[in-house]
Amino acid sequence: MNNNYLLDLRKVVITGGPSTGKTSVIENLEKNGFPVVHELIRSMTSLEKNEDDANEFAVNPILSVKDPKKFNQSLLDGRIKQYVDAENTTENIVFFDRGIPDVHAYMNCFGQTYSEEFEKPCHTYRYHQILLMPPWKEIHVVDNERFESFEEAQRVYEHLKATYEQVGYPITIIPKGSIEERTRFILELLNLK
């Protein structure tokens, strides 16, 4: 049984396009003792690449996998499970590396369609705060699980912002800065210092 109904568990999403420094900040929050829920996409992409004969993705995984609809449904289901599982924390706050609406934002960005039923979880599973990191050209890299050019990263950012606003979230932009500066900004914003 979940005992967090008394704590009013705050669920905070930290999101952004590729190479924004998002994961580094989340790892720093975790190092400082805050509970975090890590991103699913990298492990899913690695698994999909291992199952794919081509072994190489040239673009975002949702365009490269054999069955994009199945991949996105798995990603959505995984994010919902993360949301539900986070209810078991004994803390009063948890940070998510991406939220449920990220799935829809990426699909919007890459021109994939989905039903109203697929969008329902964005309205059912609500977060308390959305923190968005802007594109940052100086730290942008492409690697084995990240495929987007900087221009695509900018487009992803715009779709993330639009999608979260469309489902009713106010957004706070995390300014560029060192990992420590950004962590401090978040902690001060959330009155955690």
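Computed from heavy atoms alone, side chains included, the values below leave out hydrogens, waters and symmetry copies. Just so you know, residue 1 is the first one in the sequence shown, and it goes up from there.
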field: Co-membership, hydrophobic cluster, residues Leu190 and Val37, 4.5 Å side-chain
entry: no
query: Is there side-chain contact between Tyr164 and Asp102, with at least one heavy-atom pair below 4.5 Å?
result: yes
query: Stepwise, does the side-chain contact (heavy atoms from CB on, under 4.5 Å) test hold for Val12 with Ile186?
result: CA-CA 10 Å; Val12 179; Ile186 292 167; 5.7 Å; no
- prompt: Taking side chain as C-beta onward, heavy atoms only, is Pro134 less than 4.5 Å from Tyr157?
  reply: yes
task: Supply the atom-to-atom distance Lys31 NZ to Ser24 OG, rounded to the nearest 0.5 angstrom.
output: 10.5 Å
- prompt: Any side-chain heavy atom of Pro121 sitting closer than 4.5 Å to one from Leu76?
  reply: yes
query: Between Ile93 and Leu192, is a side-chain contact (heavy atoms from CB on, under 4.5 Å) present by the stated rule, with each step listed?
result: CA-CA 10 Å; Ile93 192 164; Leu192 296 172; 3.6 Å; yes
message: Rounded to the nearest 0.5 Å, what separates atom CD1 in Ile26 from atom CD1 in Ile179?
response: 11.5 Å
- request: Step by step, work out the side-chain contact (heavy atoms from CB on, under 4.5 Å) result for Gln166 and Glu119.
  value: CA-CA 11 Å; Gln166 181 185 347; Glu119 190 177 348; 4.1 Å; yes
task: Mark yes or no for whether Asn32, through its side chain, and Asn28, through its backbone, hold a donor-acceptor pair below 3.5 Å.
output: yes
- line: Shortest non-hydrogen pair, Gly21 vs Arg182, comes out as CA-NH1, 3.9 Å
- prompt: When Met133 is tested against each of Thr23, Ile14, Leu160, Thr15 for side chain to side chain contact (heavy atoms under 4.5 Å, CB included), which residue passes?
  reply: Ile14
field: Salt bridge flag under 4.0 Å for residues Glu158 and Arg155
entry: no
- prompt: Sub-3.5 Å donor-acceptor pair from the side chain of His128 to the main-chain atoms of Lys11, do we have one?
  reply: yes
Pairing residues for Tyr114 by the ring-ring contact (aromatic ring centres under 6.0 Å, His included) criterion, not counting sequence neighbours: His104, Phe118
message: Looking at Lys70, is its backbone amide N or carbonyl O close enough to the side chain of Ser74 to form a donor-acceptor pair, meaning the two atoms are under 3.5 Å apart?
response: yes
task: Examine Val94 and Ile100 and state if one hydrophobic cluster contains both, with Ile, Leu, Val, Met, Phe, Trp and Tyr joined whenever side-chain heavy atoms are less than 4.5 Å apart.
output: yes
task: For side-chain contact (heavy atoms from CB on, under 4.5 Å), just list the numbers for Lys22 and Asp97, CA-CA rounded to whole Å, side-chain angles, deciding distance to a tenth of an Å, and then say yes or no.
output: CA-CA 8 Å; Lys22 171 181 63 63; Asp97 186 343; 2.4 Å; yes
- request: Spell out, as yes or no, whether a donor-acceptor pair under 3.5 Å connects the side chain of Tyr83 to the backbone of Arg126.
  value: yes
message: Donor-acceptor pair, distance only, cut-off 3.5 Å: does the side chain of Arg10 make one with the backbone of Phe95?
response: no
task: Assess whether atom CD of Glu117 is packed by more than 12 heavy atoms of other residues, nucleotides or ligands within 6.0 Å.
output: no
field: Pairwise side-chain contact, Glu165 with Ile130, heavy-atom cut-off 4.5 Å (strictly under)
entry: no
field: Qualifying residues under salt bridge (charged side-chain N to carboxylate O under 4.0 Å, His left out), relative to Asp85, sequence neighbours excluded
entry: Lys81
- request: Kindly compute the distance separating CZ (Phe110) from NE2 (His159), expressed to the nearest 0.5 Å.
  value: 8.5 Å
Interatomic distance, Arg98 atom CZ to Leu75 atom CG [nearest 0.5 angstrom]: 9.5 Å
field: Cluster overlap Val13 with Leu9, hydrophobic side-chain contacts below 4.5 Å
entry: yes
Cation-aromatic face contact Arg79/Phe96, 6.0 Å, 45 degrees: no
message: Rounded to the nearest 0.5 Å, what separates atom CG in Leu29 from atom CG in Leu187?
response: 6.0 Å
task: State whether a side-chain donor-acceptor pair under 3.5 Å links His38 with Glu30.
output: yes
query: Do the side chain of Asn72 and the main chain of Lys69 share a donor and acceptor less than 3.5 angstrom apart?
result: no
- prompt: Where do Pro101 and Cys122 come nearest, in terms of heavy atoms and distance?
  reply: CA-SG, 3.7 Å
Identify each donor-acceptor pair in which a side-chain atom of residues 169-176 lies under 3.5 Å from a protein atom, sequence neighbours left out, and give them as a table.
unit_1: Tyr169; atom_1: OH; unit_2: Tyr127; atom_2: N; d: 2.9
unit_1: Thr172; atom_1: OG1; unit_2: Gln129; atom_2: NE2; d: 3.4
unit_1: Lys176; atom_1: NZ; unit_2: Pro135; atom_2: O; d: 3.3

